[in-house]
Every structure is written in C-alpha cells, then in structure tokens.
Amino acid sequence: MLNAKQTQTAIAIMGEIFPNAKTSLVADSPFHFLLAVILSAQTTDKAVNRLTPALFARYPQPIDLAQADEAEVRSLIKTIGLYRNKSKYLIACAQGLVTKFNGQVPQTRSELLQLAGVGQKTADVVLAECFQIPAIAVDTHVSRVAKRLAIVPKNANVLQIEHTLMKKLPQSSWIAAHHRMIFWGRYQCMARQPKCSTCPLLEICSAGKGLIKKGAAK
DNA sequence: ATCCCGAGGG
DNA sequence: CCCTCTGGAT
C-alpha cells in the first residue's frame, strides 16, 4: 500500500497534469446542484448537463419540484440511465427539502442523508462544492484509481476508501484531491484501456504493469 | 446481493 | 456487440 507521503505525491502529480480539475456539473444554485448530482449516478456529467437547463427552468425552487407531476419529470430526464428511479428521487428529495429544511439545502452530512436519493457520495459532493466543507466523495473513478494505485486494498468498500483517503491526505487537500482523482479516472486511468504506458505514475502503480502485460492498457 | 437504464465510446 | 458513466434503495 502507498503510505501517506506517497499518496500525497501521487495526488500532486495528478494536479500537475490536471491543474483545473473541478466539477463539470452545471447549476445555478445549491438546490439545482443537488439535483444534478442525484442525476449523475451511473451517468456521464455531459449527459446530465444536456438536460438540466430545461429541468431547472421548469422547477426553479424546491416547492415547484415538490408539487411536480412524476410523468413530466420523467419525460424531462428520460435521456439518462435509471430515469424512473431518479424521477421519484428528485420529487421526494424536493418534498424533503420543503418539509424538513424550509426549502434550503442543509449543510451537514447527516441532514443531507435524510433526503431521498442522497447517499454518502452525493452528500459529500454537495458539502464540498456548495459549502466548501472538506469531504472526499468516493465514486467509481475515485474507487478505481485508489485501488489501482494501492492507496487502499482492492476489496475496500466505499466507506473504507473515504476514511483511508482522509487519513492519508491533509484535510486542506481533500476537495482538490477528489477532483483530481475524478479527472485522473476520466482521462488517464480509465476503466477500460487506461493509458498506462505513458502514465507518470506507472512506477509507483500496483496495477499498471500488469494491465500492460495483459494487453488491457494502452 | 440485486435492481435500475439511456447514451456514448471502443 | 460490450462496457462504462461522479449510486442509491431494497
């Protein structure tokens, strides 16, 4: 496993390659950003950004979405995966905002987790992006990158990954590290055919050489 | 552990 | 064709 210092070095190198890593989801308010993050589950941010302008215009505030017709919401998000579940989550989430939080997006993890469709990853992303509260959201990219680099064991679950990263990285770097690992996973260390042969982390990576040998990497 | 699920890339 | 995408609920 990489120790804390090695982990910080790896994150720093990611930052050299992707100095402008940040969220790609587009939203004009915490409420709308929360909706975008819920929609982004198992879906590319590009696909989410394509439909959110119409969705946000139709439902400007939580109260509007809380009273929405589910079929109409579904038709607005039908171009992304899991749209039936997500349309229910969006409405129930907005209802939760209205009834529990006076229509405001809460700023603590425990409160965010009370909302429909909001799990640990979504809560962490909202805390970090909307309120600058240090968090490390663990998604498919963070999970894959952390495992390949052996920052965490291969069998680690999401909670273990988050805690290990928080332990190995200074709190002041959590939010940036999250974005760097996302970009790393998206553009360098992709799930399929990662760019191992030209990767600046190849020497310290547990997975890279094996992936090249198997022909699974470029 | 299983289900949900369209669109884009290889 | 197959795999993957900033997961969450049951």
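We name chains A, B, ... by the order of the sequence lines, and we start the count at 1 in each one. In what follows, every heavy atom counts, from backbone to side chain, and hydrogens, waters and symmetry copies are set aside.
- Remark: C1' of B:dC5 and CG of A:Leu82 are 5 Å apart, rounded to the nearest angstrom.
- Nucleotides C:dC5 and B:dC4 have their C1' atoms positioned 14 Å apart, rounded to a whole Å.
- For the OP1/OP2 pair of C:dT6 and a distance below 4.0 Å, the side-chain nitrogens and oxygens of A:Arg186 include at least one atom meeting the criterion.
- Taking only side-chain nitrogens and oxygens, A:Thr43 never comes nearer than 4.0 Å to OP1 or OP2 of B:dC5.
- Residue A:Val142 is classed as having no contact, given no heavy-atom separation below 4.0 Å to the nucleic acid.
- Note that the CZ atom of A:Phe33 and the CD1 atom of A:Ile38 stand 11.0 Å from one another [nearest 0.5 Å].
- For the pair A:Asn49 CG and B:dG6 P, the interatomic distance rounds to 20 Å; values are reported in whole Å.
- Side-chain N/O atoms of A:Tyr83 include none lying less than 4.0 angstrom from OP1 or OP2 on B:dC5.
- Here the straight-line distance linking atom NE2 of A:His141 with atom CG of A:Asp139 works out to 6.0 Å at 0.5 Å rounding.
- With A:Ser40 contributing its side chain and A:Thr43 its backbone, the two residues share no donor-acceptor pair below 3.5 Å.
- When each of A:Asn85 and A:Lys46 is assigned the nucleotide of DNA chain B with its nearest heavy atom, A:Asn85 is the one assigned upstream, toward the 5' end.
- On the P atoms, C:dT6 is 14 Å away from B:dG10, given to the nearest whole Å.
- Taking atom CG of A:Leu25 as the reference point, atom C1' of C:dG7 lies 13 Å away to the nearest angstrom.
- Residue A:Thr122 is classed as a sugar-phosphate contact, given heavy-atom separations below 4.0 Å to backbone atoms only.
- Residue A:Arg144 has a polar side-chain atom (N or O) positioned under 4.0 Å from OP1 or OP2 of C:dC5.
- Figure legend: cation-pi geometry between A:Arg180 and A:Phe183 absent, as NZ or CZ is not positioned both under 6.0 Å from the six-membered ring centre and within 45° of its axis.
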Exercise. Run the side-chain hydrogen bond (donor to acceptor under 3.5 Å, both in side chains) check on A:Glu72 and A:Ser75 step by step: do they pass?
Worked result: CA-CA 5 Å; A:Glu72 184 175 0; A:Ser75 72; over 6 Å; no
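- The distance between atom NZ of A:Lys78 and atom P of B:dA7, rounded to the nearest whole Å, is 9 Å.
- OP1 and OP2 of C:dT6 both lie 4.0 Å or more from every side-chain N or O belonging to A:His178.
- Using atom P as the reference point in both B:dA7 and C:dG8, the two lie 23 Å apart (nearest Å).
- Heavy-atom nearest nucleotides on DNA chain C were determined for A:Leu115 and for A:Thr23, and the one closer to the 5' end corresponds to A:Thr23.
- A 6.0 Å sphere centred on NZ of A:Lys46 holds no more than 12 heavy atoms belonging to other residues, nucleotides or ligands.
- With rounding to whole Å, A:Ile80 atom CD1 is found 15 Å from C:dT4 atom C1'.
- Following rounding to the nearest Å, A:Leu34 (CG) and C:dG7 (P) show an atom-to-atom distance of 15 Å.
- In this structure, CD of A:Gln114 is placed 16 Å from C1' of C:dG8, rounded to the nearest angstrom.
- Using a 4.0 Å cut-off, some side-chain N or O of A:Thr140 falls inside it from OP1 or OP2 of C:dC5.
- Across all strands shown, A:Ala47 has no heavy atoms under 4.0 Å from either base or sugar-phosphate atoms.
- Backbone-only contact: A:Arg84 has heavy atoms under 4.0 Å from sugar-phosphate atoms and none from a base.
- Across the interface with DNA chain B, nearest-nucleotide mapping of A:Thr44 and A:Arg192 shows A:Thr44 to be the residue nearer the 5′ end.
- C:dG8 atom P lies 14 Å from atom CG of A:Asn157, rounded to whole Å.
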